[in-house]
Amino acid sequence: MMGAIVIHLLITVLPGYLLVILLGIRRQQLLFSVAFSSGVLIALVSLTRNYILGPSELLTGYAILTAFLGGLLWFAGRPLLHAQGSALAAAWGNAAWRNGLLATAVLFLAWYAWTGPYTEVPADLFRHLEFTRIQLGYIEQGNLGPPLRLTHLVTQHGGFWYVLIALEAWATGSEPDALLAPVMGMSGLLFLLAVYTFSHRLAESLLETPRARSLAAFLAALFTALQLGTSAFSFVRYYSLAPVILNCIVFLAAQVCLLDLLARREAYAKGRRLRGVIAGNGLLWLICFGIALVMHQQEGLFILLMGVATLAWVVVDRWLRSGASVGRNLTLLILACSALYCIGILGLELAFDRSAIPVDGSGKVVALPLAVPGFGPLHILHPGYQFAETITIWGGLVALLFISGWRHFREQPWLVAGMLLPLLTVFNPVFVDIYLRIEGEHSLWRLLFLVPLAQVAAIWVVRAFSGAGRATLPRWLSLPATALLFLLVVPGTPVAALNPHVRSTNLPVPEANSAQYWGDLVDAMNALPGSEQVLTDPVTGYVLSALTPHRTFRYKFFADALYQAFPFAFDDYTDDPLSRYRGWLLAVNLRDGATSETGRRSGHWPADIMQVSRYYPEALRQHLAAHPDRYGEIWSGGDITLYRIAR
């Protein structure tokens, strides 16, 4: 376990940290260290795959690069090392910042020791584990997979994250699922520490004292972990074996560039030329944008949207502050929006086939009661479905508190842009039209992750109980508002239960809902040599493909659209339909699990997803019992039996 943790941190932090020192970056070093390390991973994996090299050469490349950067610092950059040592000493000398950072780390590690990895069936974890096993198969053959073309990079098909996890499994001689606890724990820790450091930077212009900034940063990390595990799926558990977990840190690094780019007064005060500030931060922003786009496109889009929205608000805010009449400002704003709308419509006409938008009828988007001639109906995200589920009552309360503190929050364009972003994206029919034609409606709701609810809530709480914030709300209102902010996101409280879609991905997974419930089957299949084809139900197959080297017949945990029934489930076995699978394994799983509360509340999967016995008709069971010579029993455990179909 310690070996996996060390390798994970060496690859995800160390190369970037050395580059950060060489480039003289003194602020937000954790964010840029992870971002640059991700860039190094992309570059080295691409070179290794394109030159048909193997995992040993890749690790050698890491060692050589790290030694070169370290040697460069030691022999040619000693002033940089001295400056870095002074900067670290100053940072750790800031007791408030240090205590907040340590409190975030200790609280997370204690919570993670209690909950463990998120292994509820059928979470996306198993899909990512399956991709990791596919990559591990390449590594065990002595390579990293086929060469990468440019299209692989711009469409996030490089699989760099999966190479990283598979490489760690190969280097430590572990099965990928054995790395769940250390890798997911370290990724979740890095993510929350990144949220802490970024939120501290964000609070600098809104809170005056170091103690207030550190408290706000700590609360922002706490609210991020709690709210994203109650309203959506926990980033620090559910998504911590997915590329999004580290790519969100790259996103935050890009936001630091944006914040520094807007801090022009500070640049002048330090005697730096504004042109240099723009060029330096602009270049860093572009680097982070490129890295995020290649690693996982979603965060690349997030970086672009937040950049556009923030700069747009800066322009609008200047109009509102220009001293002109409200009527003139509104007129200019309406004219600008109308022009942008017309440009958007023209762009749609030129860029896309104007056939009907591919809406699948899931109810995630709704058609507006109007249509543009020649374009058909316009759509927005359903406000009562995924919007309400993700923002929740807690987010509504934060929005009210944001409005109450508008006079102060207005000074931070990034926060304002983030809070208003739903109006520019999921509730903007032109944007939704473009998005649905590129990506589809299944992921539109994820843009709501950009709304900085945690940062707004944290800063509001600190201001509400400081001298600077008492004008926001009377003290007698601040106390109950703060209490609600906490109670609405603490899982298990009666107040949190007011949200009809509340999820429990911050809590330990009940055994009857987890992969461990079928652990004896997993162990039995891992004891078999090689990799074999397995017939079983889609849910069991989803787990087996992730936790064993064997392959199953399914798409994720659903039936493939090409098949009306799974290939072992028939009404009549007279013609011996299973004979075409001679030599395959057949896993009959009649051990039903518990009802999934997360599935019931979220609708992301059926609540009865682990009622797997329904996939095995009585006719199949009778057929197996009647022909023991053709279906040799390999293993049996309780209500699960593993057969070999005779060749």
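As a basis for the values below, the full set of heavy atoms in this structure was taken, side chains included, without hydrogen atoms, waters or symmetry mates. Bear in mind the structure is a predicted one, so any value in this text is a computation, not a measurement.
- In terms of modelled atom types and a separation under 3.5 Å, the side chain of T115 and the main chain of P508 share no donor-acceptor contact.
- Neither side chain, S514 nor E120, offers a donor N or O lying under 3.5 Å from an acceptor on the other.
- The number of heavy atoms from other shown groups lying within 6.0 Å of CZ (R211) does not exceed 12.
- Using a 4.5 Å heavy-atom threshold, the side chains of L246 and V250 count as separate.
- Between the CG atom of L241 and the CG atom of D177 there is a distance of 10.5 Å, given to the nearest 0.5 Å.
- With respect to D608 and R600, no salt bridge is recorded, no charged nitrogen being found less than 4.0 Å from a carboxylate O.
- One N or O on the side chain of T197 and one on the backbone of L193 form a donor-acceptor pair closer than 3.5 Å.
- A donor atom on one side chain and an acceptor atom on the other are found under 3.5 Å apart for H8 and S187.
- Between the side chains of Q386 and T390, no donor-acceptor pair of N or O atoms lies under 3.5 Å.
- Proximity of I139 to L144: side-chain heavy atoms (C-beta onward) are separated by under 4.5 Å at one or more points.
- Shortest non-hydrogen contact noted between N506 and G229 is ND2-CA, 3.4 Å.
- Considering H382, H604, R503 in turn, R503 is the only one that fulfils the side chain to side chain donor-acceptor pair (under 3.5 Å) rule with E389.
- The side-chain heavy atoms of Y17 and I25, taken from C-beta on, include no pair separated by under 4.5 Å.
- Less than 6.0 angstrom separates the ring centroid of F235 from the ring centroid of F191.
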Assess whether side-chain contact (heavy atoms from CB on, under 4.5 Å) is satisfied between V426 and Y435, documenting all intermediate values.
CA-CA 9 Å; V426 298; Y435 190 92; over 6 Å; no
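- Between the side chain of Y238 and the main chain of D124, a donor-acceptor pair closer than 3.5 Å is present.
- A heavy-atom distance below 4.5 Å is not found between the side chains of V236 and L189.
- Legend: side chain to side chain donor-acceptor pair (under 3.5 Å) pairs involving residues 413-423, not counting sequence neighbours, sorted by first then second residue: Q255-W414.
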For side-chain contact (heavy atoms from CB on, under 4.5 Å), just list the numbers for F251 and H296, CA-CA rounded to whole Å, side-chain angles, deciding distance to a tenth of an Å, and then say yes or no.
CA-CA 11 Å; F251 165 79; H296 191 244; over 6 Å; no
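- Taking both residues in full, the closest heavy atoms of P243 and Y162 are given as CD-OH, 3.8 Å, listed atom of the first, atom of the second, then distance.
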Is there a side-chain contact (heavy atoms from CB on, under 4.5 Å) between L444 and L447 once you walk through the steps?
CA-CA 6 Å; L444 179 62; L447 297 175; 3.9 Å; yes
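- Y542 places a side-chain N or O within 3.5 Å of a backbone atom of A123 that can act as its donor or acceptor partner.
- A side-chain donor-acceptor contact under 3.5 Å links T505 to the backbone of S234.
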Carefully, step by step, assess L222 and L226 under the rule side-chain contact (heavy atoms from CB on, under 4.5 Å).
CA-CA 6 Å; L222 180 65; L226 289 175; 4.0 Å; yes
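- V121 is not listed as a side-chain neighbour of N513, based on a closest heavy-atom distance of 4.5 Å or more.
- Taking the centre of each ring, W394 and F223 come in below the 6.0 Å mark.
- Between I165 and L136, every side-chain heavy-atom pair lies at or beyond the 4.5 Å cut-off.
- Once rounded to the nearest 0.5 Å, the distance linking CD of Q28 with CG of L252 reads 9.0 Å.
- Pairing each heavy atom of C288 with each of A253, the nearest pair is SG-CB, 3.9 Å.
- Nearest approach of R463 to L206, heavy atoms of both residues: NH1-O, 2.8 Å.
- Between the side chain of N247 and the backbone N or O of A292 there is at least one donor-acceptor pair closer than 3.5 Å.
- For the atom pair L167 CG and W170 CH2, the distance stands at 7.0 Å (nearest 0.5 Å).
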Does the pair T598 and S596 meet the rule for a side-chain hydrogen bond (donor to acceptor under 3.5 Å, both in side chains), with working shown?
CA-CA 5 Å; T598 298; S596 171; 4.9 Å; no
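- In this structure, the separation between CD1 on I291 and CZ on F160 is 11.5 Å, given to the nearest 0.5 Å.
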What's the verdict on side-chain hydrogen bond (donor to acceptor under 3.5 Å, both in side chains) for S33 and Q29, showing C-alpha distance, side-chain angles and the deciding distance?
CA-CA 6 Å; S33 295; Q29 291 184 331; over 6 Å; no
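- Here the closest non-hydrogen pair linking L401 and A481 is CD2-CB, 4.2 Å.
- Note that CH2 of W92 is 7.5 Å distant from CZ of R98, once rounded to the nearest 0.5 Å.
- At least one side-chain heavy atom of L44 sits under 4.5 Å from a side-chain heavy atom of Y62.
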For a salt bridge (charged side-chain N to carboxylate O under 4.0 Å, His left out) check, start with the C-alpha distance between R133 and E130, then their side-chain angles and the critical distance, and finish with the verdict.
CA-CA 5 Å; R133 282 195 172 274; E130 184 175 4; over 6 Å; no
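- Ring geometry for W406 against F402 counts as perpendicular: the plane angle is over 60°, on a 0 to 90° scale with 30° as the lower cut.
- Checked by atom type and distance alone, the side chain of Y555 never pairs as donor or acceptor with a backbone atom of P538 at under 3.5 Å.
- Closest approach of L31 and A194 over heavy atoms only: CD2-CB, 3.3 Å.
- Residues L293 and L153 form no side-chain contact, since every pair of their non-hydrogen atoms from C-beta on lies 4.5 Å or further apart.
- None of E511, R237, Q516 except one satisfies the side chain to side chain donor-acceptor pair (under 3.5 Å) rule with T119; the exception is Q516.
- Between the CG atom of N94 and the CG atom of L101 there is a distance of 11.0 Å, given to the nearest 0.5 Å.
- Ring planes of F449 and W445: perpendicular class, angle over 60° (limits at 30 and 60°).
- S545 and R554 are linked by a side-chain donor-acceptor pair at a separation below 3.5 angstrom, with hydrogens and angles left out of the test.
- Checked against a 6.0 Å centroid threshold, the rings of F427 and F387 count as neighbours.
- Under the 3.5 Å distance criterion, with hydrogens and angles disregarded, a donor-acceptor pair is assigned to the side chains of Q298 and R446.
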